[in-house]
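Order of appearance sets the numbers: ligands from 1, and atoms from 1 within every ligand. Quick caveat, the model's predicted, so the values are computed rather than measured.
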Amino acid sequence: MTQTELESAVGEVLIDEPTLQTRIAELGDEISSDYAGKDLLLVGVLKGAVFFMADLMRSLTVPCEVDFMAISSYGAETDSSGVVRILKDLDIPLQGRDVLVVEDIVDSGLTLSYLMRNLRARDPASLEVCALLTKPDRREIEVPVKYVGFEIPNRFVIGYGLDYAERYRNLRYVGVLNEEIVP
Ligand code: IMP
């Protein structure tokens, strides 16, 4: 795929690279001050959160560890059912740890809500969420997100970790999917 083909998937740039990086640095400052003297463990959900995690973690000035889990949704392919299966679990035990879940996007909130219930049962000292993007209009279940990068409208977005059919994660910005390429 050429750069032009990659970019033709984008209908409109929603959040450009400098805007993303500035906001991530702000989140890093806020999280570093909130977790000073704590035992921070960042938990990412594969695969979308990898790109945000890499930049966010490098913007932190407090000691921290990282771990990842992989999950898959049961039910309809496009809309989240909220019932998830753990494909790869965490390596690090959560008991007594200050855990921050790092998410790419919270849409209906169903996946995150299930995940939070699962992680809370492992008895962490604290459990919070940092999401790069959230679509408040799509929320079906209340889920507290302490740190939010950007609130976005109800559009399907790609880039900076977010995919459409596993592609376009490598765009450096967040763009709205060009509906003309959808089969
Ligand atoms: P939820 O359970 O509806 O909140 O779904 C969250 C998951 O759906 C995210 O972690 C993404 O993998 C996926 N998702 C939701 N909206 C988008 C989008 O606009 N672009 C790409 N993936 C999305």
Side-chain angles (χ1 to χ4, degrees), residues 1 5-17 19-20 23-24 27 42-57 66-90 99-121 127-183:
M1 195 186 296
E5 278 175 286
L6 186 61
E7 304 222 321
S8 69
V10 179
E12 172 198 335
V13 176
L14 197 63
I15 310 169
D16 64 19
E17 191 181 358
T19 309
L20 275 176
R23 182 71 189 118
I24 293 167
L27 288 170
L42 303 170
V43 167
V45 181
L46 297 170
K47 304 165 193 168
V50 168
F51 305 74
F52 177 41
M53 176 71 90
D55 285 337
L56 181 71
M57 192 176 184
V66 64
D67 202 355
F68 288 98
M69 62 197 296
I71 59 180
S72 94
S73 278
Y74 281 119
E77 304 84 45
T78 46
D79 274 329
S80 173
S81 63
V83 181
V84 302
R85 188 160 54 106
I86 295 177
L87 302 177
K88 182 223 170 284
D89 207 342
L90 299 168
V99 176
L100 182 62
V101 176
V102 176
E103 266 281 23
D104 50 358
I105 188 164
V106 184
D107 189 28
S108 70
L110 292 168
T111 308
L112 184 58
S113 166
Y114 175 90
L115 197 65
M116 293 295 275
R117 241 178 299 136
N118 181 293
L119 299 181
R120 205 171 288 119
L127 182 63
E128 300 289 354
V129 179
C130 175
L132 179 68
L133 307 173
T134 141
K135 294 181 190 169
D137 291 349
R138 292 263 305 170
R139 201 73 85 253
E140 285 176 34
I141 189 165
E142 184 59 34
V143 42
V145 181
K146 184 159 184 189
Y147 306 97
V148 173
F150 303 88
E151 287 194 350
I152 62 167
N154 182 14
R155 321 267 304 266
F156 194 87
V157 289
I158 53 172
Y160 197 69
L162 292 153
D163 72 306
Y164 169 68
E166 289 300 327
R167 290 203 176 157
Y168 316 115
R169 296 188 196 273
N170 54 324
L171 290 167
R172 291 177 184 272
Y173 51 83
V174 174
V176 177
L177 180 70
N178 176 4
E179 301 286 346
E180 283 167 25
I181 71 149
V182 177

* Structure fact -> ligand 1 to Arg155, heavy atom cutoff 4.0 Å, flagged ligand atoms 19 (O)
* Is Lys135 paired with Glu151 through a side-chain N to carboxylate O contact shorter than 4.0 Å? -> no
* To do: Determine the minimum heavy-atom distance between Arg23 and Phe150, stating which atoms define it.
  => CB-CZ, 3.4 Å
* Under a 4.5 Å cut-off applied to non-hydrogen side-chain atoms, are Ile105 and Leu162 in contact? -> yes
* To do: Would you please say whether a donor-acceptor pair under 3.5 Å links the side chains of Tyr160 and Asp104?
  => no
* Against heavy atoms of Thr111, which atoms of ligand 1 measure under 4.0 Å? -> 1 (P), 2 (O), 5 (O)
* To do: For Leu162, counting its heavy atoms only, list the atoms of ligand 1 lying under 4.0 Å from any of them.
  => 21 (C), 22 (N)
* Taking atom CZ of Arg155 and atom CG of Leu177, what is their separation to the nearest 0.5 Å? -> 10.0 Å
* Asked: Given Ser113, Ala49, Ser108, which has its nearest heavy atom closest to atom 3 (O) of ligand 1?
  -> Ser108
* Check ligand 1 against Gly109 and write out every atom of the ligand that is under 4.0 Å from a heavy-atom position of the residue. => 1 (P), 3 (O), 4 (O)
* Please indicate whether any nitrogen or oxygen in Val157 is less than 3.5 Å from any nitrogen or oxygen in ligand 1. => yes
* **From CA spacing to verdict: side-chain contact (heavy atoms from CB on, under 4.5 Å), Leu20, Leu132** => CA-CA 9 Å; Leu20 275 176; Leu132 179 68; 4.1 Å; yes
* Asked: What do we get for Ile105 next to ligand 1 when only non-hydrogen atoms under 4.0 Å count, side chain, backbone, both or neither?
  -> both
* Asked: Would you call Gly48 a ligand 1 contact, heavy-atom distance under 4.0 Å?
  -> no
* Please report the closest heavy-atom contact between Leu127 and Leu119, naming both atoms and the distance. => CD2-CB, 4.1 Å
* Strictly under 4.0 Å, does any heavy atom of Leu112 approach an atom of ligand 1? -> no
* Taking all non-hydrogen atoms of both residues, which atom of Lys88 and which atom of Asp67 are closest, and how far apart? -> NZ-OD1, 4.1 Å
* Asked: Non-hydrogen atoms of Lys135 versus ligand 1: any pair closer than 4.0 Å?
  -> yes
* Within a distance under 4.0 Å of any heavy atom of Asp163, pick out the atoms of ligand 1 and give their elements. => 21 (C)
* **Proximal ligand 1 atoms for Asp107, defined as those under 4.0 Å from one of its heavy atoms** => 1 (P), 3 (O), 4 (O), 5 (O), 15 (C), 16 (N)
